[in-house]
8 protein chains.
Amino acid sequence: MQNETRKILESVQNGSISVDEALVRLKTQPFDDLGYAKVDFHREVRQGVPEVIYGAGKTPEQIVGIMGDMRKNGQNQILITRLSREAADVVLKSHPITYHEQAEIGYYGSIPAPDGIGTVVVATGGTSDIPVAQEAALTAEFFGNRVVRLFDVGVAGLHRLLAYREEIMSASVIIAIAGMEGALASVIGGLVDCPVIAVPTSVGYGASFGGLSALLSMLNSCASGVSVVNIDNGFGAGYLANRINHMEAKK
Amino acid sequence: MQNETRKILESVQNGSISVDEALVRLKTQPFDDLGYAKVDFHREVRQGVPEVIYGAGKTPEQIVGIMGDMRKNGQNQILITRLSREAADVVLKSHPITYHEQAEIGYYGSIPAPDGIGTVVVATGGTSDIPVAQEAALTAEFFGNRVVRLFDVGVAGLHRLLAYREEIMSASVIIAIAGMEGALASVIGGLVDCPVIAVPTSVGYGASFGGLSALLSMLNSCASGVSVVNIDNGFGAGYLANRINHMEAKK
Amino acid sequence: MQNETRKILESVQNGSISVDEALVRLKTQPFDDLGYAKVDFHREVRQGVPEVIYGAGKTPEQIVGIMGDMRKNGQNQILITRLSREAADVVLKSHPITYHEQAEIGYYGSIPAPDGIGTVVVATGGTSDIPVAQEAALTAEFFGNRVVRLFDVGVAGLHRLLAYREEIMSASVIIAIAGMEGALASVIGGLVDCPVIAVPTSVGYGASFGGLSALLSMLNSCASGVSVVNIDNGFGAGYLANRINHMEAKK
Amino acid sequence: MQNETRKILESVQNGSISVDEALVRLKTQPFDDLGYAKVDFHREVRQGVPEVIYGAGKTPEQIVGIMGDMRKNGQNQILITRLSREAADVVLKSHPITYHEQAEIGYYGSIPAPDGIGTVVVATGGTSDIPVAQEAALTAEFFGNRVVRLFDVGVAGLHRLLAYREEIMSASVIIAIAGMEGALASVIGGLVDCPVIAVPTSVGYGASFGGLSALLSMLNSCASGVSVVNIDNGFGAGYLANRINHMEAKK
Amino acid sequence: MQNETRKILESVQNGSISVDEALVRLKTQPFDDLGYAKVDFHREVRQGVPEVIYGAGKTPEQIVGIMGDMRKNGQNQILITRLSREAADVVLKSHPITYHEQAEIGYYGSIPAPDGIGTVVVATGGTSDIPVAQEAALTAEFFGNRVVRLFDVGVAGLHRLLAYREEIMSASVIIAIAGMEGALASVIGGLVDCPVIAVPTSVGYGASFGGLSALLSMLNSCASGVSVVNIDNGFGAGYLANRINHMEAKK
Amino acid sequence: MQNETRKILESVQNGSISVDEALVRLKTQPFDDLGYAKVDFHREVRQGVPEVIYGAGKTPEQIVGIMGDMRKNGQNQILITRLSREAADVVLKSHPITYHEQAEIGYYGSIPAPDGIGTVVVATGGTSDIPVAQEAALTAEFFGNRVVRLFDVGVAGLHRLLAYREEIMSASVIIAIAGMEGALASVIGGLVDCPVIAVPTSVGYGASFGGLSALLSMLNSCASGVSVVNIDNGFGAGYLANRINHMEAKK
Amino acid sequence: MQNETRKILESVQNGSISVDEALVRLKTQPFDDLGYAKVDFHREVRQGVPEVIYGAGKTPEQIVGIMGDMRKNGQNQILITRLSREAADVVLKSHPITYHEQAEIGYYGSIPAPDGIGTVVVATGGTSDIPVAQEAALTAEFFGNRVVRLFDVGVAGLHRLLAYREEIMSASVIIAIAGMEGALASVIGGLVDCPVIAVPTSVGYGASFGGLSALLSMLNSCASGVSVVNIDNGFGAGYLANRINHMEAKK
Amino acid sequence: MQNETRKILESVQNGSISVDEALVRLKTQPFDDLGYAKVDFHREVRQGVPEVIYGAGKTPEQIVGIMGDMRKNGQNQILITRLSREAADVVLKSHPITYHEQAEIGYYGSIPAPDGIGTVVVATGGTSDIPVAQEAALTAEFFGNRVVRLFDVGVAGLHRLLAYREEIMSASVIIAIAGMEGALASVIGGLVDCPVIAVPTSVGYGASFGGLSALLSMLNSCASGVSVVNIDNGFGAGYLANRINHMEAKK
């Protein structure tokens, strides 16, 4: 950021641009204004990955518009989350996306081969948690991570989880996804030495209160090294797992 | 109940008591009215165990009065729960009770030797859950049960729990006591084939919301065979464990 | 568990199996991995009853697959809970199940004759609680218990409950099911000396908040000997009632 | 109200007062402004009973000031609720009040003999609910009602309540006070044909959440004819019982 | 109740009935058992009004069955609440009921002329509260009360309420129905000297949380003489209003 | 108000009207009673703007009726909020309204040109918040305010917001609309010196709990000068913005 | 802001400062870093009023330090809120502040004479709300506003509020402060045409849940033109009232 | 784990140990049982760092005992969190710990020099959040991380945060700590490309509900890459930051 500012100042100093021109440049908007959306082209520079489209609450037409703007600006890999089957069908008329119905994810471009750094384990307590898990797994894969899926390894049958001890022990990051009482995160958290991202799901009924039970359980985990994202937020977990798995450049 | 009614009716039939006398007997109160309390002497008949005094919210003087009434009526074993140190000191001036400070339990009479039927395992997730566990254990012992205490075997160090697999496997009833995320109940519930009574505790902070987190977690246990009592309700768990452990006479 | 380990160790000692073979056996997975589910064949050994399929959140195809795997492995009695009419119709094309619509329960195999041990009383506060009650009753029957149904005996007309005092008094376990204010559990809890399993239901409106009112009420029961399962969790209550009713082998 | 307006208008018409005088009278404030309080002398006219001083949140000095103003204006019966022992001691230096510590009620003047109309029954579930019950009972007595107190008749020992069936059946209004699960209100509501005012109390712990459990329970009562006031609001119940008991003049 | 017992005892005494016959009579069930419902014929004796059918959660067939049983037993006035249009159409095939769609109320028999005792005012804050108000008003009318309806007199335009001061001032009971912030109950409560029954409604959005906002507001009313029933419980309010309005016989 | 009263009194004094006539005038109702609604014609006098019709919970027929009454009384600008497409179609058959589907707003008459006083900035965190924003913006425009729309300027890409610093800095009032974590209000509140009206929206999922998250966040804003309206209450924000923007006449 | 940037750029252009100097100036921190606090001297420029010290959660020593830094930088009017008596005593040893105990406010410098623009009315429902009201009133006065205090005008005695109709009608802004059911805000909101800032207070007990009841009530106000600040946030209301009252310069 | 098992099996195979000996070793407890605590010596092997003592809910004597056991087993660096001043004084009589009062942290041994890998930035919204921040910072330092503290950089004065853009941009992990509305996490999350651990604090009042507001806000962050730990859980954040910062060995 500062380098850019220095260049502008030096251009003013050497007279190659005017003060007014500099003023404009200093406030240039690194985004496109579509009215209903300000598409953020600066995010890739700022955060290493391009902006992702959160599909819920947007009309299919708005999604089509945003994608068009992104593609026009040279973005050739686009992820859309929370994309319903119906919306995907509309989008497909304008943009050649691949759609994964269980995860409600669409993407333009292709999922890259894993870059060989670390492994992200995505574990679920039950079968009903799989849609959230697929959202997490696909997101992590979209950003170049190797993903191992361990579904239905909840604590009611502990030996199922312990059978995969090796996979768990060698992960760089583990995403533990569970509804109901959400105990999976604590049990995994007590076994490993890598960061654990807990994702409560809305799976359950009655006193699960739409995922609140699992959420509170995970926040109060007696195992350290566990942090939590929003209920059903598979995308957020996959995104964060990628950040953690790819952070070494910083050090 | 019906036998008693039949006797009264037969006495009316054979003229040994009058209608008015019968009316009085039919509505006789099997309790004593102290004004501030109606001491229930019928409970032993009805439920096999004498009434227990819940100390919280009663003045020490009221407790002394109720105990006096019970002793006068021949009850020679009395349990008082939620009895603070201060209240116990006042009670001790009138009645020779034994006081257990950690559990906040006092009792008149003595704890009987276990009657040889089954074993109640009382397990806690952490050290801070011990006061609730002692309330549960002492209650169960007061009613004649053998109790095994397993403290600090929470799921953050699963091997600590698994090391006691034998004790757990051979229990008649298990009381699983935990605060924070309360995962202990689910993990134990998945290992055993006996009834598990889960007791959430108010141990924790922040999003444990005074035990709500553990409570919800336990209610949503993915392991079957688990039921739940109120937060910190060690007494209730011990009382119910006794009922379950001693129920065979019924069958 | 230990016996099995001893056998493996002795086989290593006497050279009948190699170290590598022993390693494999020690970690052999007593479950089948279908990808979307890990079917737990060890549960029958561990907990006396086979794994039950929780239908909610699973696609009919997944249920069909799990059942196929179970049947292939010799399980000839399978219970499926929370099975909608629509899902049942799909399952019926592959497996000959009996479907009980009100309880949303399907089962493969047949309900056995009661084994003569104790009686489980299933009582409801009102007519609207019957679906939950049927789920509880059928579950208990599926595991071999004699069940007595007492529907619509809520506390607004106490004489209706008291008329069945005999049935209530002679039960081994009582399942008290009620929505709204859930007072049924406390009233029954005060009358009997057997364990009472309280099931709050989501019956009600307004400040019943989806069963929260009945849940809190039951957790705070002033009658001892009452424990609680999740809102609408008829299956859990029936399962636990079976455990309590059949626990004597332990003692 | 209209009569008073008519009189003012007639006085204007016949010239006995001027327009300006009439304007003043039409807007005369039937209250006294002490700065920190506007003492409402109109309430007795409007609602049949004088304003009551709610002591909580007022300094003793403010209470002394309000009482002084009331006495100066001829009010010779004053009720002060939520008056702590400490505040009462300060008030006593200026005004000769009678103080009832358990109920935290003070009053100036004397409690009148009951006026012979109906009976208000004040029933509690347990001993710990007595302070709230005394607040209700004293309030009702302060306004001239006959009160019958039935303490500790909770549903865990139903026969204690049924023993007082006669008192309950012949009441004009019943105030049912209970903490924990608050089932007393429903059970009484199902037995009687008079209005039942339910008062949830904060008695309990854990999942009673400061009275929330009893409050929800009472709001969801399956018995009709029950309405609810705020948690621990003994005064409100006593006040309303008086209104109901003395309403016949209207008809 | 006691008279009936006395008669039975006297019959035993004079030999007109046997002990066994007496036993049966003493435990005779004053209700009919339809399996899914225990129809309570004792309620009219006990509470002055016949049992009402709460339609929600019952199948139309169950309602038809209960009504048939009631009619067979001579009940010629039956009220059914929470009866959907669809259910009403089914019921109409078996029983000639009058159906009021806005209130979701059906009744067999006819609404009697008011009996001349007192007036029940039913006031609402807004137009959207009218369905609840109609449920309350029809219930009160069904039990013989004169009802005055004041709809849309919420506090945002206080003069609309004050314009009806006369109606309000001369009521025996007022039912104040409001959603959103529920201030209507407090404002009316401050104006009158009769009992006020507050009914919070689920009208509103966002932070009204399904009526919670109005419920809490009404429970915390700074005006005394106000009590509260469940959210949207028009029936309960109308039923209680009838009890209050017709209570004088007791005194 | 007082002037009108004076006039009436003077008319009584000079005999031009009778006392009875004066009484009637003093209680004249400045509203029309349609039964289901009391249309408030006094509001324009009292609050400067005519009554607005809140469409939710009203039948289209009721809306048509209220509008007819308003138009008959000379109101030529009518705003209807929360008007669904279906209801609008019904209304259109009777009244020529303009309908804005995204905002669910209909209006009779036309939106006036801005009156040149100040500017209301309506900013949203995301694209999904736009319907609420349009409700706010149209409401403000309907009352004569100039509105600037800034959509999708949430804090995840702060530069998008900062790019519009000029618009924000020169606003008279800012309406900050956001769901999820609602941080937009705090960030804007920290940048400006004009009043900020925060509108939490129900946009989000999981732990957003229908807007509760954004609501609490905005109420706890660490930036001063921010106040909050109900979740999704775009109308309320637009209405209040108008009041603030047009308040100078008072000073 | 832009002007300052232009000046820096022109200085670079004309060579009066170097690029490095410009870089430093462009990122100069308009705050002082005390380690535990970053004192914001830019706020006066940005928001027209100096930073205020929120005393809660700060040690008296930290407050002394921050004040010292402010005074050193020439700020001669400093407001400290939530300052306990004890903390004030410590602060007084270093800085000559005026302390208002009821409002828990301290200030350095003096409260200015009102600047003649508009009037802020601060109204409370009861006497117990006065501390919050004083915080609001003193804050508004500290920033130069004329304040009228109307205490104890709650809706239980509506005539007390209506008696001050004139004061209310002529206000520029009204701050409506109430606990319990918080109806005051709605009633005032329906009477006036100026912005109403509602402040819920934690006054109350039981189901007031620490101010939640009043908060929800105010958020759901059926009167438009009302917005809400945090529970007990008198400062926030006074601060916002000042902003609204002094906003005309913008237009 | 498997290697150890292999060695035991090979010893059995080659006869160097007996089957019984092997059985014992396979179930050897890698923990010490103090009765009230099971000290976990296996954790260092399993998770790379020694067990930490959570001081809350433990008596000082229990802490002394656990530390003694740890030191006896050769652990020469021990961290104790949530250690009150009073408890620390007791512990100090037995063990030479260093105590940090603001963070309520004690440690035996010394804080190591940072190991040169990455930087953990600990940022707070306000001064009141510092105790939680110190707990996080000291924990991270105890495990060998370089920590940069940025206190009081909340979003109400955004320039204070932006002034430290360089520190923020070059962090490996950022711990964002804030109470009230918790917006800091979202704003930081939108600026950086490293993992952000959000810690809600209980700082605030009223509708902050003990940290719930900040918790929900952070869980709903519109910025990706943010995860959340329990309210006030500085230790958990510091512990997780260490795991993330030191995870590269895995890859």
Side-chain angles (χ1 to χ4, degrees), chain A residues 124-129 152-162 165 168-169 176-193 196 198 200-228 231, chain B residues 124-129 152-162 165 168-169 176-193 196 198 200-228 231:
Chain A
T124 77
T127 300
S128 316
D129 304 312
D152 194 24
V153 292
V155 301
L158 211 55
H159 61 297
R160 298 180 305 186
L161 177 64
L162 298 180
R165 205 179 289 203
I168 290 172
M169 292 304 197
I177 301 172
M180 295 177 171
E181 94 280 58
L184 185 67
S186 288
V187 170
I188 289 181
L191 292 173
V192 301
D193 65 350
V196 176
T201 70
S202 52
V203 166
Y205 61 92
S208 81
F209 294 124
L212 178 63
S213 168
L215 171 63
L216 292 182
S217 183
M218 287 165 165
L219 283 168
N220 285 284
S221 177
C222 57
S224 301
V226 178
S227 63
V228 187
I231 298 165
Chain B
T124 76
T127 299
S128 315
D129 303 312
D152 195 24
V153 293
V155 301
L158 212 52
H159 62 298
R160 298 180 306 185
L161 177 65
L162 298 180
R165 204 181 289 204
I168 290 172
M169 291 306 196
I177 301 173
M180 295 175 169
E181 93 281 57
L184 185 66
S186 288
V187 170
I188 289 182
L191 292 173
V192 302
D193 65 350
V196 176
T201 71
S202 53
V203 166
Y205 61 90
S208 81
F209 295 124
L212 179 63
S213 168
L215 171 62
L216 292 183
S217 182
M218 287 166 166
L219 283 168
N220 286 284
S221 176
C222 56
S224 300
V226 177
S227 64
V228 187
I231 297 165

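The figures here come from the full heavy-atom set of this structure, side chains too, leaving out hydrogens, waters and symmetry mates. Note on naming: letters A, B, ... go to the chains in the order of the sequence lines (proteins, then strands), and numbering restarts at 1 for each one. Every value quoted in this text rests on a predicted model; they were computed, and no experiment measured them.
Nearest approach of Cys222(B) to Met180(A), heavy atoms of both residues: CB-SD, 3.9 Å.
Contacts between Tyr205(B) and chain A at a heavy-atom distance below 4.5 Å involve the backbone alone (N, CA, C, O).
With sequence neighbours excluded, the residues satisfying side chain to side chain donor-acceptor pair (under 3.5 Å) with Ser221(A) are Ser186(A). Thr124(A) meets the side chain to side chain contact (heavy atoms under 4.5 Å, CB included) test with Asp129(A), Ala133(A), Phe151(A), Ile177(A); sequence neighbours excluded.
Each of Gly206(B), Ala207(B), Gly125(B) has some count of heavy-atom pairs under 4.5 Å with chain A, and the biggest count is that of Ala207(B). The residue among Ala223(A), Ser208(A), Gly182(A) with the most heavy atom pairs within less than 4.5 Å of chain B is Ser208(A). Counting heavy-atom pairs closer than 4.5 Å to chain B, the top-ranked of the candidates Ser213(A), Gly126(A), Gly179(A) is Ser213(A).
By the 4.5 Å heavy-atom criterion applied to side chains, Leu158(B) and Leu158(A) are counted as neighbours. Ser217(A) places none of its side-chain heavy atoms less than 4.5 Å from the side chain of Leu216(B).
Each of Val155(A), Val187(A), Leu191(A) was evaluated against Val155(B); a single residue qualifies, Val187(A), per the side-chain contact (heavy atoms from CB on, under 4.5 Å) test.
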